[in-house]
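First up is the structure itself, then whatever we jot down about it.
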Amino acid sequence: MKAIIGIDAGHGGNSSGTYGINTVNDGLFEKDFALEQALMIEQKLLANGFKVIMSRQTDINPGSVSKRAELMAKSGADFALSVHFNGFENSSANGSEVYVPYAEKTAGIESGFLRELKKYFAERKPFARSNSFYNRAEVFDKKLNLTTRRFDAAAETEDYFGFIRTCWQNGISADLLEICFLTNAKDFAVYQQNKEKIADGIARSIVEGFGEEYTSAPGGEEAVAKPKIKRKPGNVISKIDVIN
């Protein structure tokens, strides 16, 4: 039996996430793009025979990051991924980020994410962040060694992101993926032009990470719901409110 994969589309409902000038003009926020991408990834994993557990499939807020992780645990997920997009007040910030559990010993899936995403966005190393939310000055980053596919640093005691931490506490390997910066015009344009290929690369990384041969699923975009929610910037909450 193939692995069970949990996919969390970040934010949702009253949690809009970040946005950029190019996205808010269309009434779209991080939650909409996260859902769009998560649904495409789901279809591609299903086409490869994997069972997929989704935290949400519509514009709802299924709860805190810990509750989302607990859903993955109760559903028997073997691996979980939380899909997000980044934002920063300086619009020059760009690229992809991969966040992993501090205790991750091998990094086959994560190295796949890095390999696939750097085809489209600036290469940024994966991060394993530790210490408490309130102690933001003490950030520990592990650098991924693509040759050994391991993290070249000693483990610490606590993850930075609640989704990863709660999954880990329940025995599930999990990552949080910041695909690109919605606040960067180039990143946003590249995503819009390559969204299905990006989903294909993410799904491929998961499938091959479990030792299976990946088969591309055509028509991914047509199979998923398009984001239609129109919200004003006043409904946006900050990243700080949702990552702990």
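The residues of the chain are indexed from 1 along the displayed sequence.
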State, to 0.1 Å, how close [X] and [Y] come at their nearest heavy-atom pair, and which atoms those are.
{"X": "D78", "Y": "A3", "value": "OD2-CA, 3.4 Å"}
{"X": "E30", "Y": "G17", "value": "OE1-CA, 3.4 Å"}
{"X": "T183", "Y": "F88", "value": "OG1-N, 3.1 Å"}

Under 4.5 Å between any side-chain heavy atoms of [X] and [Y], yes or no?
{"X": "L28", "Y": "Y19", "answer": "no"}
{"X": "E212", "Y": "N48", "answer": "no"}
{"X": "V83", "Y": "L177", "answer": "no"}
{"X": "I198", "Y": "E116", "answer": "no"}
{"X": "I179", "Y": "Q37", "answer": "yes"}
{"X": "Y99", "Y": "D175", "answer": "no"}
{"X": "K197", "Y": "K119", "answer": "no"}
{"X": "F79", "Y": "M72", "answer": "no"}

Do side-chain atoms of R56 reach the backbone of H11 as a donor and acceptor pair under 3.5 angstrom?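 A pair under 3.5 Å: yes.
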So, does N170 use its side chain to make a donor-acceptor pair with the main chain of A69 at under 3.5 Å?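 Not at all, since once roles are kept as given, no pair shorter than 3.5 Å links the two residues.
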Can you tell me how far apart [atom1] ([X]) and [atom2] ([Y]) are? Round to the nearest 0.5 Å.
{"X": "S205", "Y": "F113", "atom1": "OG", "atom2": "CZ", "value": "5.5 Å"}
{"X": "D32", "Y": "S16", "atom1": "CG", "atom2": "OG", "value": "7.5 Å"}
{"X": "T18", "Y": "F181", "atom1": "OG1", "atom2": "CZ", "value": "9.0 Å"}
{"X": "L182", "Y": "T23", "atom1": "CG", "atom2": "OG1", "value": "5.5 Å"}
{"X": "F210", "Y": "L45", "atom1": "CZ", "atom2": "CG", "value": "10.0 Å"}

By salt bridge (charged side-chain N to carboxylate O under 4.0 Å, His left out), which residues pair with K67, not counting sequence neighbours?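 K67: no salt bridge (charged side-chain N to carboxylate O under 4.0 Å, His left out) contacts found.
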Taking K44 first and then E196, would you say they form a salt bridge - that is, a charged N and a carboxylate O separated by under 4.0 Å?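 Counted as a salt bridge, because a side-chain N and a carboxylate O are separated by less than 4.0 Å.
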Using side chain to side chain contact (heavy atoms under 4.5 Å, CB included) as the criterion, list what pairs up with A185, not counting sequence neighbours.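 In terms of side chain to side chain contact (heavy atoms under 4.5 Å, CB included), with neighbours along the sequence ignored, A185 is linked to N22.
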In chain order, what residues pass the side chain to side chain contact (heavy atoms under 4.5 Å, CB included) check against T58, with sequence neighbours excluded?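 Scan of T58 (side chain to side chain contact (heavy atoms under 4.5 Å, CB included), adjacent residues dropped) gives I60.
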What residues form a ring pair (Phe, Tyr, Trp, His ring centres under 6.0 Å) with F188, not counting sequence neighbours?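 F188 satisfies ring pair (Phe, Tyr, Trp, His ring centres under 6.0 Å) with F33 only.
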Residues that Y191 engages under ring pair (Phe, Tyr, Trp, His ring centres under 6.0 Å), provided they are two or more places apart: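 So Y191 forms a ring pair (Phe, Tyr, Trp, His ring centres under 6.0 Å) with F85.
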Please step through side-chain contact (heavy atoms from CB on, under 4.5 Å) for the pair N61 and S15, ending with a clear verdict. CA-CA 7 Å; N61 186 343; S15 174; 3.7 Å; yes
Apply the side-chain contact (heavy atoms from CB on, under 4.5 Å) test between R204 and each candidate in D200, V207, I206; give the one that qualifies.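 So, applying the side-chain contact (heavy atoms from CB on, under 4.5 Å) to R204 and each of D200, V207, I206, only D200 qualifies.
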If we ignore angles and hydrogens, is there a donor and acceptor under 3.5 Å between the side chains of H84 and E178?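 No, because no side-chain N or O of H84 sits under 3.5 Å from a partner of the opposite role on E178.
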Is there a donor in the side chain of E97 and an acceptor in the side chain of N86, or the other way round, less than 3.5 Å apart?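 Yes, side-chain donor-acceptor contact under 3.5 Å.
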Residue pairs involving residues 2-19 (criterion salt bridge (Lys or Arg N to Asp or Glu O under 4.0 Å); sequence neighbours excluded):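 As it turns out, the salt bridge (Lys or Arg N to Asp or Glu O under 4.0 Å) pairs with a partner in residues 2-19, which skip direct neighbours, are D8-R68.
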